[in-house]
Amino acid sequence: MITNQNPTPDTNLTDGMHVVVDALKKNGIDTIYGVVGIPVTDLARHAQEEGIRYIGFRHEQSAGYAAAATGFLTKKPGILLTVSAPGFLNGLTALANATTNGFPMIQISGSSDRAIIDLQQGDYEELDQMNIAKPFAKASYRINRPEDIATGLARAIRAAVSGRPGGVYLDLTTALLASVIDKDVADKTLFAPIDPSPASIPSPASIDRALKLLAGAKTPLVILGKGAAYAQADDAIKELIEKTGVPYIPMSMAKGLLPDDHPQCAASARGFVLENADVVVLLGARLNWLLSHGKGKHWNPNVQFVQLDIDAMEFDSNRPIAAPVAGDIVSSVDALLAGLATTPFKATDEWTKAVNDAKIPNDEKMKVKLSNTDMPMDFFSALNAVKGVMDNHKDVYLVNEGANTLDDTRNVINLYQPRHRLDCGTWGVMGVGMGFAIGAAITSGKSVVAIEGDSAFGFDGMEIETICRFKLPVTVVILNNGGIYNDAHIDLSGHGDPSPTTLMPNAHYEKMIEGFGGTPYYATTPAELSKALEAGIASKKPTLICVEINPQCGTESGHIGNLNPKVISNK
Ligand code: ADP
Ligand code: TPW
Ligand code: MG
């Protein structure tokens with residue numbers, strides 16, 4: 001054991017740090033992501049000594065995104081460990097993002113002396129962390145006494161995974177970490193909460209209402225969201241979709257819940273189905289900006305909604321919900337399946353044909369875009385090369401961020417397995433890429449491909465050192481179009497400064513990974529890109545492929561330019 005200043009070998013005393021690790025182990029926590037320093041360095045060392053994997057990062061935000069990825073993939077909270085004040089704040093963005101997206105994670109942070117903080121007397125890394133975390137977390141707790149450690153962790157775990165999952169903050173003061181307690185007393189406090197994410201059974205009346213609405217529908221549609229992917233109700237959801245023949249569209253992180261080449265997938269007829277569906281089942285998806293709030297020209301004005309969600313507060317948030325079903329997705333989908341015996345519904349042949357017909361011209365248009373042979377490559381010709389490789393590696397995890405890089409990859413690259421895509425999510429946040437890739441690789445032990453815009457990669461590019469240090473099977477593909485969005489790189493400064501969206505179009509990002517012993521590639525043609533990606537995946541070693549994309553390509557703000565306010569030009 002690591003000897004802290006307190007326990008001495010000939011006594012039966014232990015300390016807060018040891019009890020924290022014991023409590024984590026008792027709860028089956030096998031991995032911690034973080035950055036160490038005062039007061040948590042020995043905590044990480046001791047966790048490692050006790051068989052918990054410690055993945056040390058270069059920045060807390062990325063470590064937090066890795067923890068969130070673990071939470072999304074496993075339904076168990078991922079753990080982020082940070083130091084006080086600045087380290088805590090660096091991790092807080094990831095915690096807030098997890099809460100926004102419904103990913104369970106716990107940020108455990110050391111904090112300085114409470115007495116000094118509360119009187120603002122200027123302690124080392126002084127900050128009132130527990131209170132600052134509150135608006136960004138689902139719950140925020142502080143443990144002050146060693147005998148409360150097990151209870152504090154149990155509360156954090158329950159808060160993270162019960163109901164709508166989210167990020168939880170757990171404050172461990174320096175005094176607590178160094179506090180001394182009799183080991184027998186501490187051992188007796190240890191426990192793991194029973195059934196931390198209990199089933200939430202929907203009411204029979206709500207199921208009946210939903211089924212009756214669907215039975216009367218002429219043009220029904222299912223929208224699968226990341227809540228459905230998270231729930232791990234894969235077989236039941238597939239059965240519901242296939243038994244009823246209803247077309248579905250996946251939100252980005254629900255791609256692969258059913259394979260994207262499934263005949264009922266209406267992704268390429270998205271506009272048509274939204275305009276024409278009379279009853280839409282929201283299955284673990286929110287009517288937020290990503291679905292234009294269920295309003296406006298994209299939607300059938302008379303559409304009615306069935307919504308399956310664990311959080312009843314979500315209903316009616318943007319549009320009235322005709323048939324709210326409050327419950328966990330596993331229980332709710334099972335109840336709908338059982339109810340089909342008495343109240344069946346099925347998509348008509350006419351509706352199925354109309355949806356299939358609507359896909360044809362869009363699929364044709366996409367084929368033309370993908371076969372573009374212009375040089376330098378555009379997003380589509382590059383992604384066509386990526387698609388060819390990814391279709392042969394259906395178990396590879398896909399991480400994706402950027403603007404055009406995000407939109408175009410989402411549309412071009414098929415997913416075939418549930419929970420194999422991690423991206424910018426509900427906030428459209430940049431900088432998740434390397435953290436998600438590391439979290440996915442560590443959690444799954446499988447290969448990961450991260451398709452990154454050149455700007456997006458810049459937020460956390462230093463984590464390629466972490467990828468190399470842990471020898472992870474991650475291939476990073478950077479689609480470099482020389483900046484944020486596109487080449488609207490006009491010099492308005494009048495003295496030659498780069499424009500606000502400009503980054504270096506001729507950068508050789510692959511040289512960065514060379515410095516850490518990873519494998520670099522630079523690709524200017526689809527053939528070079530295919531070859532490099534295939535080699536990167538096959539090697540199972542850290543690889544970075546810098547792809548030269550025509551800087552003229554890409555639209556400002558990708559597909560959401562309508563949300564971007566513009567100045568009225570006075571020139
Ligand atoms: P997307 O971005 O894919 O549309 P959202 O994150 O907006 O998905 O919505 C996911 C929804 O799923 C949230 O409202 C959340 O409460 C819900 N949810 C998450 N987990 C479960 C679950 N196990 N059972 C039911 N609903 C869930
Ligand atoms: C944390 C604003 C949205 S998209 C983007 C930024 C900076 C980068 C787009 O350029 P990229 O992709 O990655 O090169 P591409 O293919 O279009 O050229 N800070 C944060 N999050 C967001 N969303 C932004 C800034 C933004
Ligand atoms: Mg770019």
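The figures here come from the full heavy-atom set of this structure, side chains too, leaving out hydrogens, waters and symmetry mates. As the structure lists them, so they are numbered: ligands from 1, and atoms in each ligand from 1.
Looking only at atom types and distance, the side chain of Ser292 has no donor-acceptor partner in the side chain of Lys297 under 3.5 Å away. If you check the side chains of Asn372 and Asp378, you find a donor sitting under 3.5 Å from an acceptor. Side chain to side chain, Thr555 and Asn486 fail the donor-acceptor criterion of an N or O pair below 3.5 Å. Side-chain contact of Thr219 with Asp278: a donor-acceptor pair under 3.5 Å is present, judged by distance alone.
Here the angle at the Mg ion (ligand 3) defined by O in Gly483 and OD1 in Asp454 stands at 100°, rounded to 10 degrees.
An N or O contact shorter than 3.5 Å links Asp309 to ligand 1 by distance. For ligand 1, the polar-atom distance check against Arg164 finds a nitrogen or oxygen pair separated by under 3.5 Å. For a threshold of 3.5 Å applied to N or O pairs, the pair formed by Lys226 and ligand 1 contains at least one separation below that value.
The aromatic rings of Tyr397 and His420 sit parallel, their planes meeting at an angle under 30°, below the 60° perpendicular limit.
Of all atoms in ligand 1, numbered sequentially from 1 with element shown, those under 4.0 Å from a heavy atom of Tyr230 are 20 (N).
Of the candidates Ala231, Ala233, Pro165, it is Ala231 that places a heavy atom closest to atom 23 (N) of ligand 1.
Contact annotation: Phe379 has at least one heavy atom less than 4.0 Å from an atom of ligand 2.
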